[in-house]
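Values below: every heavy atom of this structure, side chains too, minus hydrogens, waters and symmetry copies. Just so we're on the same page: letters track the sequence lines, and every chain starts at 1.
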Amino acid sequence: MCAGSCFAFPCPCRSQARPNLTRLPASGMCGGNGRTDEMNLFTELRSLVIAELEAMTAAGALPAGLDMSAVAVEPPRDPAHGDMATNAAMVLAKPAGKQPRAIAEDLAARLSGDPRIASAEVAGPGFLNLRLQPVVWQGLVKAILTTGTSYGSSAIGMGHKVNVEFVSANPTGPMHVGHVRGAVVGDALSNLLAFAGWDVTREYYINDGGAQVDVLARSAFERYREANGLEPEIREGLYPGDYLIPVGEALKEKYGTSLLDQPESVWLTDVRDFATARMMEMIREDLAALGVRMDVYSSEKALYGTGEIEAAIDTLRGMDLIYEGVLEPPKGKTPEDWEPREQTLFRSTAHGDDVDRPVKKSDGSWTYFAPDIAYHYNKVRRGFDQLIDIFGADHGGYVKRMKAAVSALSGGRVPLDIKLIQLVKLYKNGEPFKMSKRAGTFVTLRDVVEEVGADVTRFVMLTRKNDMALDFDFDKVLEQSKDNPVFYVQYANARINSVLRKAREAGVAVDDATLSAANLALLAHPAELALIAKLAEWPRLVEIAARGNEPHRVAFYLYELASDLHGLWNRGNDEPGLRFIQDDPAVSQAKIALARAAGVVICAGLAILGVTPVEEMR
RNA sequence: GCACCCAUAGCUCAGCUGGAUAGAGCGUUGCCCUCCGAAGGCAAAGGUCGCACGUUCGAAUCGUGCUGGGUGCGCCA
């Protein structure tokens, strides 16, 4: 739905409904199309705790009207503390005017009556440690198998419309490594939010309105002259890259020699539009190579001339947030050519910024900030409940003013979260990888994808929090060892598939329907139940990651899950009873059901990261 | 000078928006393949969570002030 003027370029109005998560693997190996029931054991148990607390209130054991929102049911750090722990007694002790242990003991007695609870023990300052009956864990395996890779999906987004703007690379050349991380984080975050119940729009803002696209036009024009047999003059400040040579040839094909003797004023606009379109084609291909898909491409240039910028600024003016004034020079570091200048300013300080920001240059034209304001206003008016921008860390100084603008223009209704992506340092076999921008030998996105593949690139880019610098070693990311998380997780999945293959060869039915109907009560070993407990954390992890806009958590979770699986696998060396394949087919099916459930979660997680699971290591 | 980000084991990094004895990989040391893939696993050693106050039942996490590193700071986006 493109609200208002069809602003998007080239406006693929998102009218058709999209599936909840579109990057599910194409192969049938991961299963899928299950229900998305509430299958979060932690929220389920929290509901139970709350219900018992309310019963205590009704019985007069707790005062009425207590705020229960701080009551949490979480996995304890130490497995010795049980399966789940609640802080209810400690949180409520003060407002209830009672001793934490007294509340905890009362609550423990009540919870013990629930068929799901094996034990409830008061511990420490007032924690209540819960152990669940094995049947609860066994039931979860069955539920995962019948649900498939939508296990863990959630409704916490409540269908809220969120716009994720990312990449937004200048359309002046191919994407380079600096863009890759932002692209991957934005894409994975979009997948994550969709999985957690948000209505996500992925958007690219094309910076085609500034001076840099004029430079692009002049650079392309030289290549056009070159295509016509003339010597190109790639002056200082123009883009020297070879990628413009085909653009020059295409210009020759379109215009022949007709532009050669014309002044810039004649050809600039046409050549600029032509070259920009070509660059965007190239960027789309780059994104596709990385497996990144956008819903909407928005053009900065399209904002000019439509009155959108003026309208946005006028809206701010109506709030008394625009005025003519003179900025103070930055203290302690006055630029050499500083002179007081009256400019049109946005009173961003009224919305949390440190100084007011200019929206017009001294010659009366807009600064880059003005169309950005209009663009974000456009997003607000398109009805998004929430905006997310993914910027490079060097744009950190831009965050406050952008938030101020959105705050003002949405009347505080629409939160804007800006994720700053720290830089990626390239290495080759442990040695820093030198790039020279001047010589045009910068590493492109294509270079990276061709060298190590999109899956590896994507996973590695998500192995750090967005605001931490990331080392990317072309050799190490391909290493097949456990210090390479990509391999480690893939290997876990490969082992699971290996078990399924072996079982099939032995004539054991291992399709999901059969496995989910297996006698899962045979899964009773603590090591097996521990792996199930890890699988139980998946829905919770999704919610935490989605709420914080932190897709990297998925990658770390998958690593932990893989570690648990490898651990259980190897215990089979010493304890044959823990091997997945047993003599008794019924026992095999129960154990394979667990392995398969782990595989389903790995697949679901990898799908969010946009990484293809492999069935076999090569 | 100001703003934002970072500081956790020798190294590289997680740490659930305030929970219990702070975790993982690498590296070091010692173990485990007639066995579903050892491309793996187990165990040990390794910590003043940069420093100092504060908030409270409780702080790596929140607040304030420092120290050290990164990014940015009016007519580039």
Inset, instruction - May I ask you to say what K360(A) touches in the nucleic acid, namely base, sugar-phosphate or nothing, with a heavy-atom cut-off under 4.0 Å? - result: nothing
Inset, instruction - Flag yes if more than 12 heavy atoms outside D583(A) fall under 6.0 Å of its CG atom; otherwise flag no. - result: no
Inset, instruction - Determine the interatomic distance between C1' on rC42(B) and the same-named atom on rA60(B); round to the nearest Å. - result: 29 Å
Legend entry - RNA chain B contacts among residues 75-85 of chain A, heavy-atom distance under 4.0 Å: R77(A), H81(A), A85(A)
Legend entry - Whole-angstrom distance between rG23(B) and rC4(B), as gauged at atom P: 33 Å
Legend entry - Parallel, tilted or perpendicular, as decided by the 30° and 60° cut-offs, for the rings of F391(A) and H395(A): tilted
Inset, instruction - Check whether the aromatic ring of F127(A) stacks on the base of rA20(B), taking stacking as ring centres less than 5.5 Å apart and planes within 30° of each other. - result: yes
Inset, instruction - Could you check whether S498(A) gets within reach of a base, just the sugar-phosphate, or nothing at all, counting any heavy atom under 4.0 Å? - result: base
Inset, instruction - With P as the reference atom in both, quote the distance from rG10(B) to rU48(B) in angstrom, rounded to an integer. - result: 8 Å
Inset, instruction - Find out whether the Lys NZ or Arg CZ of R540(A) is both under 6.0 angstrom from the six-membered ring centre of F42(A) and within 45° of the ring's axis. - result: yes
Inset, instruction - For nucleotides rC76(B) and rC5(B), find the distance between their P atoms and express it as a whole number of Å. - result: 28 Å
Inset, instruction - Taking the six-membered ring of W366(A) (Phe, Tyr or Trp), confirm whether the NZ or CZ of K360(A) is under 6.0 Å from its centre and within 45° of its axis. - result: yes
Inset, instruction - Give every residue pair that meets the side chain to side chain donor-acceptor pair (under 3.5 Å) criterion with at least one member in residues 70-98 of chain A, sequence neighbours excluded. - result: none
Inset, instruction - Check every strand shown and say whether Y488(A) touches a base, only sugar-phosphate, or nothing at a heavy-atom separation below 4.0 Å. - result: sugar-phosphate
